[in-house]
Amino acid sequence: MRMKKHFFKKTILFVTLFSLASNAVNATVILPSFFTDNMVLQQKSSVPFWGKSNEKSIAIVTSWNKKTYTAKVVNGNWKVVFKTPNYGGPFTITINDGAVRTLTNILIGEVWLCSGQSNMEMPLEGWGKINNYKGEIENANYPQIRLLQAEHLESTLPLNTLQVQHDGWNVCSSKTIGDFSATAYFFAKKIFNEKHIPIGLIHSSWGGTLIEAWTSSGAISSIQDFEAEIQAMKSETNKEALQQKYNADMVLWEKKLINADKGMQDGKAIWSTANFDDTSWKTMQLPAFFENKGLPNFDGVVWFQKKVTLSEISIDFSLSYYSDDDDMIWVNGNYIGETKGYNVERHYTIPSKFMKKGENIITIRVFDGAGNGGIYGEENFSLKSGQESISLAGEWKYNIGADIKDLPAKPYLAQGQNRPSSIYNAMIAPLLSYKIKGVIWYQGESNAERAYQYQKLFPLLINDWRDKFEDKDLPFLFVQLANYKQQRQMPGDSDWAELREAQFNTLKLVPNTGMAVTTDIGNGEDIHPKNKQEVGSRLANIALAKVYNTKIDYSGPLYKSYTIKANVVMIDFDFNENIRGHDIGLKGFSIAGSDKKFYWADAKIVNGKVEVYSPEVPNPVAVRYNWADNPNGNLSNASGLPASSFRTDNWPGITQEKK
């Protein structure tokens, strides 16, 4: 009897497994890449769920309410809308169009879209290596946080399908978190630890990208600044014409650059000749970005020279390094080669016939068009020949050949992922029907040179996404640019300060937004600061306060208004509870009269306001705070969070005419 029972059970099990295997082989249901096991659906919402099938109808059962939804398949497509309850799980969704497919381990909670450029993309490990990354990864055991990673992809037209990594949603663990956005992870971790609600993170960002690439073509066309690029994306003829115009404009511009370069004369490199006297040149330690070594905010041509003593010449030499953006190299007056591109490692062969025993002169001309410039990379910067290696790291002579400020604006051609709307089309458009709670955004570095234009572009993107996601109140939380580049001794202009101003203005003008100020946790020598724990935490505090109604401090002082009395400017702030300097005395304030010349100012707190004055400015008209690429102001409040940079004037900035 027992033997018969055992045989019967084995037969039933075999038939069941065979049936499931047959269904898997014959399954016709195709789901979007983000409908997978382990996904998170937005709680208390009407959630669309869709896909493709070869059958005539489809039935879907959701385990949280044991409800069956049916839909007709029209032209291969079907769609239903679920009602989701309060957060919880795990749940299943079973799809049946004749073949059965079940999605498992589904949570219902809060879904956040995390987007921007490299500081949002920066992973815990990999190229990021945030502070204490090994410990953070080891302790990343959060099974109710789920991760969806979009692939980098751009497109001329909006796509229906999102390309994702790792086969869809993954459970957050030490095995899955290493290559995920650090900022997004610490944002979710803080919210989960406070609210114990499952969190789904959709990470769709791309380093080095421009905000216009993340905006739909319909929205970006409304401001007229990118009309040629938009038309070029619609037409190969327009694209070719735009490319031809750019090529022609670049030829003319590069001729102007050569003519402006003091190191060139009649097209010849007069500063590279073997007998050139460089005794009047300054010195700089290389490898390094020259913005951090005495040339803050400089773009243009810098020439470098170094003398190298050789005892033996037998075979050719080799030299490898990185340069930003373009370089040319000579040895003892002999032209060796040139390379274009900031992220391309240079590999030069120096023929032995160009070298000599004794003293040799290496000359490198570097052109930087934007951002960092110089000869950068590892300290292992060496001239090599066979087994011999001579370090070139250390002191080099340098001189400025041409300042880009003295030239007309460099021609610009949007290409690849930085074409207007191209990333939106591939990495945002496919998500528009996926119900989300809100957005966190960290971008702006790539638009700093056009910061004034960002005052239009940033609100445009927010309203565009709200329109496309059909949620006019969609929370949109963002990170203001951190401090970066060399600190300056005197007050001056700053495109990064102007970009922060554009972000602050957006906070004031666009409702249901939040801004995390980070000018106290950046790194002057690293555009990718490592303290992403604090960035994510500050974003989470904003969400907890403004989205989840938690009583928590989330903002430092924000400029409100000013008045002038005699030689004192009095500044009033929002979030001014216990307003104070972070240490002894206030710093970071500058003041100017009608001549628009700024001086560092004294500042003190009186009755919850900041009074600013300077003996250099008896009749002040304007005050600025933290108006620099890498400011060191210390204004704070009861929260301990830093104040946003601001200015009271509206004088034209250095980016106002740039588009």
Side-chain angles (χ1 to χ4, degrees), residues 119 289-299 368 370-373 403 405 444-452 454-455 479-505 507 515-529 531 556-559 562 569 571 573 581-583 585-592 595-603 610 612 614 616-617 620 622-636 641-656 658:
N119 270 304
F289 291 119
F290 48 62
E291 283 85 351
N292 300 324
K293 297 294 182 179
L295 295 175
N297 302 317
F298 179 81
D299 296 314
D368 173 48
N372 283 332
D403 191 327
K405 293 177 182 176
E445 297 92 338
S446 291
N447 283 88
E449 292 185 348
R450 293 179 281 123
Y452 185 76
Y454 204 83
Q455 294 191 31
V479 182
Q480 193 184 49
L481 293 190
N483 51 307
Y484 175 57
K485 303 183 187 178
Q486 188 176 33
Q487 289 189 342
R488 301 183 67 173
Q489 297 302 311
M490 295 300 295
D493 294 320
S494 165
D495 54 4
W496 275 51
E498 291 184 23
L499 197 286
R500 293 188 195 105
E501 179 181 53
Q503 294 172 316
F504 184 24
N505 287 346
L507 175 71
M515 181 177 75
V517 179
T518 60
T519 45
D520 61 327
I521 55 173
N523 184 331
E525 296 187 0
D526 190 350
I527 200 170
H528 303 115
N531 186 2
L558 297 177
Y559 167 68
Y562 77 101
V569 182
I571 312 293
F573 294 87
H582 207 58
D583 46 28
L586 289 176
K587 56 185 178 181
F589 288 89
S590 60
I591 194 168
D595 62 356
K596 302 181 182 180
K597 185 174 182 180
F598 280 88
Y599 298 86
W600 291 125
D602 295 318
V610 175
V612 185
S614 169
E616 301 283 351
V617 185
V623 166
R624 293 179 176 180
Y625 172 73
N626 265 6
W627 199 260
D629 298 333
N630 187 0
N632 65 347
N634 63 343
L635 182 63
S636 184
L641 295 168
S644 172
S645 57
F646 68 89
R647 60 173 175 158
T648 64
D649 64 273
N650 60 358
W651 297 331
I654 57 175
T655 68
Q656 187 152 331
K658 296 184 178 180

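Computed from a predicted model, the values in this text were never measured in an experiment.
Side-chain contact between Tyr625 and Ile571: absent, with no pair of heavy atoms (C-beta onward) separated by less than 4.5 Å. Within the 4.5 Å cutoff, the side chain of Asn634 has heavy atoms near those of the Leu586 side chain. Looking only at side-chain heavy atoms (C-beta outward), Glu449 and Thr655 stay at 4.5 Å or farther from each other. At a threshold of 4.5 Å between non-hydrogen side-chain atoms, the residues Leu507 and Leu558 count as touching. Side-chain contact between Trp600 and Pro491 is present, with at least one heavy-atom pair separated by less than 4.5 Å.
When ring centroids are compared, Tyr562 and Phe646 stay outside the 6.0 Å threshold.
Of all heavy-atom pairs spanning Pro529 and Gly522, the tightest one is CB-CA, 3.9 Å. Across all non-hydrogen atoms, the minimal contact from Phe589 to Ala603 is CD1-CB, 3.8 Å. Here the shortest heavy-atom pairing between Phe504 and Ser645 reads CD2-O, 3.8 Å. In terms of heavy atoms, Arg647 sits closest to Tyr559 at O-CE2, 4.2 Å. Heavy atoms only, all atoms of each residue included: Val517 and Ala643 are closest at CG1-O, 3.7 Å. When every heavy atom of Tyr454 is checked against every heavy atom of Gly444, the shortest pair comes out as OH-CA, 3.9 Å.
For the atom pair CZ (Phe289) and CG (Asp368), the distance works out to 9.0 Å, reported to the nearest 0.5 Å. Atoms CG and NZ, from Asp649 and Lys596 in turn, are 8.5 Å apart once rounded to the nearest 0.5 Å. Annotation: the span from Phe598 atom CZ to Met490 atom CE amounts to 12.0 Å, rounded to 0.5 Å.
Shown here are the side chain to side chain contact (heavy atoms under 4.5 Å, CB included) partners of Asp520, two or more places apart in sequence or in another chain: Arg538, Pro642. Residues forming a side chain to side chain contact (heavy atoms under 4.5 Å, CB included) with Ile654 (at least two apart in sequence, or on another chain): Asp493, Asp495, Glu498. Residues forming a side-chain hydrogen bond (donor to acceptor under 3.5 Å, both in side chains) with Gln503 (at least two apart in sequence, or on another chain): none. Looking at residues two or more places apart in sequence or on another chain, you find a side chain to side chain contact (heavy atoms under 4.5 Å, CB included) between Ser494 and Trp496, Ala497, Asp629. Scored by the side chain to side chain contact (heavy atoms under 4.5 Å, CB included) test, Lys658 finds Arg450 as partners (sequence neighbours excluded).
Between Lys405 and Asp403, no side-chain nitrogen of the basic residue sits less than 4.0 Å from a carboxylate oxygen of the acidic one, so the salt-bridge criterion is not met.
Within the structure, every pair that satisfies the side-chain hydrogen bond (donor to acceptor under 3.5 Å, both in side chains) test and touches residues 480-490, not counting sequence neighbours, is listed here: Asn372-Tyr484, Gln480-Ser644, Asn483-Asn630.
Annotation for Tyr452: atom OH does not count as buried by contact number, only 12 or fewer foreign heavy atoms lying within 6.0 Å.
Under the 3.5 Å distance criterion, the side-chain polar atoms of Asn626 are matched with a main-chain donor or acceptor of Gly633.
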